[in-house]
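We count residues from 1, following the sequence as given.
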Amino acid sequence: MAFVTLNITGMTCEHCAKSAQDALNTLPGVSASVSYSQGEAQIESTNDIDTALLLRAVESKGYGATLQTDKHEPARGMGEGKLTVAIIGTGSGAFAAAIKAAEEGAQVTIIEEADVIGGTCVNVGCVPSKIMIRGAHIAHLQSHHAFEGIALNQPHIDRAALVSQQQARVVELRHAKYENILETNPDINLIRGWARFQDTHTLIVTQADGSEKTVTADRILVATGARPAIPEIPGLKETPYWTSTEALIADQIPEHLVVIGASVVALELAQAFLRLGSKVTIMARSVFLSKEDPAIGEALVKIFEEEGARVLLHTLPESVAYDGNKFILPSAVGEIRSDRLLVATGRRPNSDRLDLGKAGVETRRDGAILIDDHMRTSVEHIYAAGDCTSQPQYVYVAAAAGTRAAINMTGGDAALDLSAMPAVVFTEPAVATVGLTEQQANDQGIDTESRTLDLENVPRALANFDTRGFIKLVAEKDRGHLLGVQILAPEAGEMIQTAVLAIRNRMTVDDLAGQLFPYLTMVEGLKLCAQTFSKNVEQLSCCAG
């Protein structure tokens, strides 16, 4: 009887393990057992085993396989003669890098500690939150639309059914956009476990059973993402508070939800729960969206209050307690009690468990990995991308950074220019911005001229019977080049890319004003706002050229 152990990479679920096991058991005289959690195949054979046949059987199913001779021997998991790339993390930045590096001829090993792959966006961020927000929008329209002749009604909300549908779509997208790539790309192999640096070219991966593997690579990319940052409020950490992760899958609508925070995630989820039927109180350290043009936050406060939210600016709890039924939050405005508490005060980089110091990788005080526009860290062959870095925390920035990092790791030269980076907050009306605010431009010594157009001057907004919001353009005073755009409007996220392209192509406000825009559309508001630099749009006819 002969015995062999194989290391298997690329498996993403128990079904994968079963597939590899079935492939091995088709070989004559072979009895194999494959463990997904350990990433191993234990093989017995009545004959001498041809290991080449074993490896080919596993590889025929799309997985990587290497012969294990020692539990602690280095597991490069990489092809002979190829550039080797190790990636820590499996989010959008990591996968964008893995795909591009494989296309460029590298053999890639990605390492993931979590039970599921895909990172924040598909699992607990963009995808489930936008599904929830859309459902809340539909519920709100049923009882709050402005059209006469269509009866208003109070919708019945089955939160459990909404969550079930939401999570089914999460699973579907995770498989299509992440798991399927591992199953079909033999040059990308997955190792399960927690990775940390041993030196500049070596990672130690601790697996679920406590065993360790070492992974050596020519290039290493850190793409470990971020996690919710929890403020130091006395008593908070001893209570069953929610972060966005728990809030998105909660199958009950709280009677009263307190939200601590007033940035993107806080406001998106606060409005969603408000529209699904919760009483909502928002406690903000300063103001709404403090990094944006002040007019945006001021307008959003009024909109939230009109929808029924209680907004407390410059107010945080003095402490937090939980009596088994209610959260108790004493504050400057009195004691507040709620049955749920959502803490959404930003995110912190997942860099503290990587032993970055052993590789000489420099970070900011908050743990964010310092990188340049080529995604290079302070160590020549170590790169980083996404929310664990000093870059803005947006999934499309992470993906773009991952792709460019892979190009650079494989011998290319690609920079990431964020000067025309769009940003969207999915409240309603939505917030969308690109470029500089008026204050930011002035702080840089740029003389500016700006115009703000209320939506009551946009024909499509009038036709929609919803004129909440505005469009603001910021331009160079002398030459008229567009520097920044801030929009508060329904469909702002669909409008902003036009502004991105205008700034990227150094258009002036006159250039923008002279473009053809379809009528009736919300994006036509950009043209109308550009026209206000030289005209009174109230004196123009519809579709004014």
Colleague: Do Asp387 and Asn350 have side-chain heavy atoms sitting under 4.5 Å apart?
Modeller: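 Counting from C-beta outward, Asp387 and Asn350 never come under 4.5 Å.
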
Colleague: Per the ring pair (Phe, Tyr, Trp, His ring centres under 6.0 Å) rule, what does the pair list look like for residues 194-238, sequence neighbours excluded?
Modeller: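 Sorted result for residues 194-238: His201-His381.
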
Colleague: Does any part of the side chain of Ile230, heavy atoms only, come nearer than 4.5 Å to the side chain of Leu236, both counted from C-beta?
Modeller: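 Touching, per the 4.5 Å side-chain cut-off.
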
Colleague: For the backbone of Gly118 and the side chain of Thr90, can you confirm whether one donor and one acceptor N or O come within less than 3.5 Å of each other?
Modeller: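 Looks like yes, one N/O pair under 3.5 Å.
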
Colleague: Can you confirm whether Val343 sits close enough to Pro231 that some side-chain heavy atom of one is under 4.5 Å from a side-chain heavy atom of the other?
Modeller: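 Val343 reaches Pro231 side chain to side chain.
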
Colleague: Where do Ile191 and Asn7 land on the side-chain contact (heavy atoms from CB on, under 4.5 Å) test, with the steps shown first?
Modeller: CA-CA 9 Å; Ile191 294 178; Asn7 294 320; over 6 Å; no

Colleague: Let's go through Gln42 and Ser33 carefully: what are the C-alpha distance in whole Å and the side-chain angles of both, what is the deciding distance for side-chain hydrogen bond (donor to acceptor under 3.5 Å, both in side chains) to 0.1 Å, and is it a yes or a no?
Modeller: CA-CA 5 Å; Gln42 300 290 338; Ser33 175; over 6 Å; no

Colleague: Of all residues at least two apart in sequence or in a different chain, which pass the side chain to side chain donor-acceptor pair (under 3.5 Å) check with Ser164?
Modeller: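 For Ser164 there are no side chain to side chain donor-acceptor pair (under 3.5 Å) partners, ignoring immediate neighbours.
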
Colleague: Between Asp352 and Arg227, is there a salt bridge with N-O shorter than 4.0 Å?
Modeller: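 Yes.
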
Colleague: Give every residue pair that meets the side-chain hydrogen bond (donor to acceptor under 3.5 Å, both in side chains) criterion with at least one member in residues 20-29, sequence neighbours excluded.
Modeller: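 Matches after skipping sequence neighbours: Lys18-Asp22.
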
Colleague: Check whether any side-chain N or O of Arg347 sits under 3.5 Å from a backbone N or O of Ala226 as a donor-acceptor pair, and report yes or no.
Modeller: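 The answer is yes, because a donor-acceptor pair under 3.5 Å joins these two groups.
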
Colleague: Are side-chain N/O atoms of Asn123 and Arg174 paired as donor and acceptor at under 3.5 Å?
Modeller: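 Note: Asn123 and Arg174 side chains meet the donor-acceptor criterion.
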
Colleague: Looking at Thr184 and Asn180, would you say the former's side chain and the latter's main chain have a donor-acceptor pair under 3.5 Å?
Modeller: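 Answer holds: yes.
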
Colleague: Kindly write out the residues that satisfy side chain to side chain donor-acceptor pair (under 3.5 Å) with Ser351, not counting sequence neighbours, or none if the list is empty.
Modeller: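 Side chain to side chain donor-acceptor pair (under 3.5 Å) list for Ser351, sorted by chain: empty.
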
Colleague: Mind listing the closest non-hydrogen atom pair of Asp187 and Ala102 along with its distance?
Modeller: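 In this case the closest contact between Asp187 and Ala102 is CB-CB, 4.1 Å.
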
Colleague: Any ring pair (Phe, Tyr, Trp, His ring centres under 6.0 Å) involving residues 204-252? Give me the pairs, sequence neighbours left out, ordered by first then second residue.
Modeller: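 Residue pairs with at least one partner in residues 204-252: Trp242-Phe273.
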
Colleague: Just wondering, do Ile371 and Gln391 contact through their side chains at under 4.5 Å, heavy atoms?
Modeller: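 Yes; the side chains approach each other to less than 4.5 Å.
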
Colleague: Counting distance only, does the side-chain N/O of Glu268 pair as donor-acceptor with the main-chain N or O of Phe426 below 3.5 Å?
Modeller: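 Yes, Glu268 side chain to Phe426 backbone: donor-acceptor pair under 3.5 Å.
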
Colleague: When you compare the side chain of Val259 with that of Leu257, does any pair of heavy atoms fall below 4.5 Å?
Modeller: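 Contact flag for Leu257/Val259 side chains = yes.
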
Colleague: Identify the heavy atoms of Val108 and Ala101 that sit nearest to each other, and give their distance.
Modeller: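 Taking Val108 first and Ala101 second, the nearest heavy atoms are CG2-CB, 3.8 Å.
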
Colleague: Within a radius of less than 6.0 Å around NZ of Lys291, do more than 12 heavy atoms belonging to other residues, nucleotides or ligands occur?
Modeller: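 No, the 6.0 Å shell around NZ holds no more than 12 heavy atoms from other groups.
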
Colleague: If we ignore hydrogens and angles and just use 3.5 Å, is the side chain of Ser278 paired with the main-chain N or O of Val280 as donor and acceptor?
Modeller: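 Side chain of Ser278 to backbone of Val280, a donor-acceptor pair under 3.5 Å: no, none is there.
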
Colleague: For residues 410-423, run the donor-acceptor check on the side chains, cut-off 3.5 Å, and write out each pair with its distance to 0.1 Å, sequence neighbours left out.
Modeller:
from   : atom 1 : to     : atom 2 : distance (Å)
Thr410 : OG1    : Ala406 : O      : 2.7
Thr410 : OG1    : Ile407 : O      : 3.2
Asp413 : OD1    : His374 : NE2    : 2.5
Asp417 : OD1    : Ser419 : N      : 2.9
Asp417 : OD1    : Ser419 : OG     : 2.8
Asp417 : OD2    : Ser419 : OG     : 3.3
Asp417 : OD2    : Arg504 : NH1    : 2.7

Colleague: Is there side-chain contact between Pro317 and Ile260, with heavy atoms separated by less than 4.5 Å?
Modeller: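 Yes, close enough: below the 4.5 Å cut-off.
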
Colleague: As a quick check of understanding, evaluate side-chain contact (heavy atoms from CB on, under 4.5 Å) for Val431 and Thr433, giving each step before the final call.
Modeller: CA-CA 7 Å; Val431 176; Thr433 61; 4.2 Å; yes

Colleague: Quick one: does any side-chain atom of Glu428 pair with a main-chain N or O of Ala430 as donor and acceptor, under 3.5 Å?
Modeller: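 No, Glu428 side chain to Ala430 backbone: no donor-acceptor pair under 3.5 Å.
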
Colleague: Under the side-chain hydrogen bond (donor to acceptor under 3.5 Å, both in side chains) criterion, do Arg353 and Thr224 qualify, and how do the steps go?
Modeller: CA-CA 10 Å; Arg353 297 176 63 217; Thr224 49; over 6 Å; no

Colleague: Treating Thr214 as the side-chain partner and Ile204 as the backbone partner, does any N or O pair qualify as donor plus acceptor under 3.5 Å?
Modeller: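 Side chain of Thr214 to backbone of Ile204: no pair is present.
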
Colleague: Taking salt bridge (charged side-chain N to carboxylate O under 4.0 Å, His left out) as the definition, give me every residue that meets it alongside Glu232, ordered by chain and number, with sequence neighbours left out.
Modeller: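 If we apply the salt bridge (charged side-chain N to carboxylate O under 4.0 Å, His left out) test to Glu232, skipping adjacent residues, the hits are Lys237.
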
Colleague: Less than 4.5 Å apart, any side-chain heavy atom of Gln107 and any of Leu83?
Modeller: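 No, every pair of side-chain atoms sits at 4.5 Å or beyond.
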
Colleague: I would like to know whether Arg192 and Asp115 meet salt bridge (charged side-chain N to carboxylate O under 4.0 Å, His left out); could you show each step before the answer?
Modeller: CA-CA 9 Å; Arg192 294 280 184 175; Asp115 292 336; over 6 Å; no

Colleague: Glu292: which residues meet the salt bridge (charged side-chain N to carboxylate O under 4.0 Å, His left out) condition with it, sequence neighbours left out?
Modeller: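 For Glu292, no residue satisfies salt bridge (charged side-chain N to carboxylate O under 4.0 Å, His left out) once neighbours in sequence are set aside.
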
Colleague: Using salt bridge (charged side-chain N to carboxylate O under 4.0 Å, His left out) as the criterion, list what pairs up with Glu172, not counting sequence neighbours.
Modeller: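 Applying salt bridge (charged side-chain N to carboxylate O under 4.0 Å, His left out) to Glu172 gives Arg169.
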
Colleague: Answer yes or no: is there a side-chain heavy-atom contact under 4.5 Å between Val258 and Met283?
Modeller: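 Heavy-atom side-chain distance check passes, below 4.5 Å.
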
Colleague: Given 3.5 Å as the limit, does a donor-acceptor pair link the side chain of Thr345 with the main chain of Ala229, or not?
Modeller: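 Yes: the side chain of Thr345 pairs with the backbone of Ala229.
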
Colleague: Taking all non-hydrogen atoms of both residues into account, name the closest pair between Ala41 and Ile8 and its distance.
Modeller: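 Ala41 and Ile8 have their closest heavy atoms at CB-CD1, 3.7 Å.
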
Colleague: With distance as the sole test, does Thr437 use its side chain to make a donor-acceptor pair with the main-chain N or O of Gln440 at under 3.5 Å?
Modeller: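 Indeed, once roles are kept as given, a pair shorter than 3.5 Å links the two residues.
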
Colleague: Using the rule given for side-chain contact (heavy atoms from CB on, under 4.5 Å), can you reason through Val485 versus Val500, listing the C-alpha separation, both sets of side-chain angles and the distance that settles it, and then say yes or no?
Modeller: CA-CA 9 Å; Val485 178; Val500 170; over 6 Å; no

Colleague: Test Thr66 against Leu6 for side-chain contact (heavy atoms from CB on, under 4.5 Å), laying out the working first.
Modeller: CA-CA 6 Å; Thr66 55; Leu6 299 182; over 6 Å; no

Colleague: So, for Ser244 and Leu269, which heavy atoms are closest and what is the spacing to 0.1 Å?
Modeller: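 The answer is CB-CD1, 3.8 Å.
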
Colleague: Decide, yes or no, whether a salt bridge links Asp373 with Arg404 under the criterion of side-chain N to carboxylate O below 4.0 Å.
Modeller: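 Not counted as a salt bridge, because no side-chain N and carboxylate O are separated by less than 4.0 Å.
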
Colleague: So which heavy atom on Leu248 is nearest to which on Val124, and how close?
Modeller: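 Scanning both residues, the minimum pair turns out to be CD1-O, 3.3 Å.
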
Colleague: Search all heavy atoms of Pro128 against all heavy atoms of Gln166 and return the closest pair with its distance.
Modeller: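 The answer is O-OE1, 3.4 Å.
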
Colleague: Identify, with sequence neighbours excluded, every residue that meets salt bridge (charged side-chain N to carboxylate O under 4.0 Å, His left out) alongside Lys358.
Modeller: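 Per chain and number, Lys358 pairs via salt bridge (charged side-chain N to carboxylate O under 4.0 Å, His left out) with Asp355.
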
Colleague: May I have all residue pairs that pass salt bridge (Lys or Arg N to Asp or Glu O under 4.0 Å) and include part of residues 86-102, sequence neighbours excluded?
Modeller: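 As it turns out, the salt bridge (Lys or Arg N to Asp or Glu O under 4.0 Å) pairs with a partner in residues 86-102, which skip direct neighbours, are Lys100-Glu103, Lys100-Glu104.
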
Colleague: Quiz question: by atom type and distance under 3.5 Å, do the side chains of Ser290 and Arg285 form a donor-acceptor pair?
Modeller: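 Ser290 vs Arg285: no donor-acceptor pair found between side chains.
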
Colleague: For Arg56, which residues count as a side chain to side chain donor-acceptor pair (under 3.5 Å) partner, sequence neighbours excluded?
Modeller: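 Residues passing side chain to side chain donor-acceptor pair (under 3.5 Å) with Arg56: none at all.
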
Colleague: Determine whether the side chains of Thr109 and Asn189 contain a donor N or O and an acceptor N or O closer than 3.5 Å.
Modeller: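 There is no such pair between these side chains.
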
Colleague: Within the distance-only criterion (no hydrogens, no angle test), does the side chain of Ser390 pair as donor or acceptor with the backbone N or O of Arg364 below 3.5 angstrom?
Modeller: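 No; judged by distance alone, with no hydrogens or angles, the pair does not exist.
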
